[in-house]
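Comments concern the structure below.
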Amino acid sequence: MKKIVQFVVVIVVGLMISCTTTVKTTETFDSGKQLAYCVEKTKATMGTLSSADSLPRNILQGQKEWNKVGIHDWCSGFWPGVLWYAYEASGDSAILQNAQKFTEPLTGVLDVPVDNHDLGFMLYCSFGNGYRLTKDSAYHDFLLTAADSLATLYNPKVGTILSWPAMREKMGWPHNTIIDNMINLELLFWASKNGGSHELYDMAVKHAETCMTTLVRPDYSIYHVAVFDTVDGHFIKGVTHQGYSDGSMWARGQGWGIYGYTLCYRETGKEEFLTMAEKLADHFLERLPEDGMPYWDFDDPAIPNSPKDASAAAVAASGMLELSTYVKDEKLKTKYKGAAVALLAKLSSDGYLSGDKNQSFLLHSTGHHPNGSEIDASIIYADYYYLEALLRLKKFYQE
Ligand code: GLY
């Protein structure tokens, strides 16, 4: 971990990303330095937290410290996840103790009826990483129960998990599935290979297949929400919830798609998922603004006077790093790795690193713009995927 590795990446983005422009970008990126920064900031935050069931979620403009949420918030698993990754990066036993301490209260997530798809975010980022790093059998058993709970939301008629039960009535969306839900498939895949039912694997595959032809538009941009009929399961319409409009490209949603189809390829070996991940990544890269950082929605008419979303960049970077390891063509490998490193370099620049401005790693994420919440803020999942991407860069490429 202490070893500082210099990545000198010459990225020829132009011809590979767009047929119309040639952009040459030279980035010098020191991933070891950024990992050390994340570990130090994690330790500093650790020292300020007293209650293990009060978990960092966001830091708004003008604030310096994390606002906390309880275990039932969809973001509850990211702080334990950050701790597990910081432990993985450092081997620090105090961080390990904190990772265990902040993971434990999340067992309470399953004490109430399952009311959304977010179980994967909440429990796989926490217990999933915990099990991967410690092989604690209690984590293993809890994850199997969590996967079975998530599976109760699966509708075989539609072929997807119901993401938001509450929105059936509130929005008149009889069965709804959001692109974010792709990430939660990882819990089902894991369970199917670690003692759970094979049906969990089949559900995850069917979910991903159904979303390819409904949530993904013909131009490879993605709707946030797909609405389905519950009687015959047909796709009714694509709409947005957190994006600018039903037809717009919500930045983090595109990131979830890239990341999600890449993990589906990892878990299944199905070429159609790999191809889908490439197309989604290509579309994201083609539409990135010149400064290399996505606005919260690529189609917000207020651009360039519109907030950015560092979390979308972090999710896309982590997804594209993994994608770069699966594509066979060397030029494509270079393309996706180069694009991911360029995003990480941008996130690691003065404008996006929080430094001593607040407790987070990163500034300038946007949570729910239409709601007016978490706009241009530090958000815990941006930190989680940023740290994950740094670790992936080390694991995949720092031989
Ligand atoms: N609903 C998860 C997200 O904001 O990306």
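Just so you know, ligand 1 is whichever comes first in the structure, and atom 1 is the first atom listed for that ligand. Quick note: numbers below take in every heavy atom, side chains included, and nothing from hydrogens, waters or symmetry partners.
Heavy atoms of Gln242 found under 4.0 angstrom from ligand 1 belong exclusively to the side chain.
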- Message: Using the rule given for side chain to side chain contact (heavy atoms under 4.5 Å, CB included), can you reason through Tyr326 versus Glu278, listing the C-alpha separation, both sets of side-chain angles and the distance that settles it, and then say yes or no?
- Response: CA-CA 10 Å; Tyr326 300 140; Glu278 287 176 47; over 6 Å; no
- Task: Under the salt bridge (charged side-chain N to carboxylate O under 4.0 Å, His left out) rule, what do Glu88 and Lys394 come out as? Steps first, then yes or no, please.
- Result: CA-CA 11 Å; Glu88 185 175 9; Lys394 184 178 168 200; over 6 Å; no
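In this structure, Lys337 satisfies the cation-pi test against Tyr397, with its NZ or CZ atom closer than 6.0 Å to the six-membered ring centre and inside 45 degrees of the ring normal. For the pair Lys135 and Tyr131, the cation sits on the ring face: its NZ or CZ lies under 6.0 Å from the ring centre, inside 45° of the axis. For Arg57 and Phe78, the positive end is not near the middle of the six-membered ring at less than 6.0 Å and at most 45° from its axis. Relative to the six-membered ring of Phe361, Lys41 misses at least one condition, a distance below 6.0 Å or an angle of at most 45° to the axis.
Contact annotation: Phe121 has no heavy atom less than 4.0 Å from any atom of ligand 1.
When each atom of ligand 1 is checked for a heavy atom of Trp256 under 4.0 Å away, the hits are 3 (C), 5 (O). For ligand 1, the atoms closer than 4.0 angstrom to any heavy atom of Arg252 are 3 (C), 4 (O), 5 (O).
Atom 2 (C) of ligand 1 has Asp180 OD2, 2.8 Å as its closest protein atom, hydrogens excluded (heavy atom only).
When only interatomic distances are considered, the shortest N/O to N/O separation between His224 and ligand 1 does not fall below 3.5 Å. Residue Trp250 places no N or O, backbone or side chain, under 3.5 Å from any N or O of ligand 1. For ligand 1, the polar-atom distance check against Trp164 finds no nitrogen or oxygen pair separated by under 3.5 Å.
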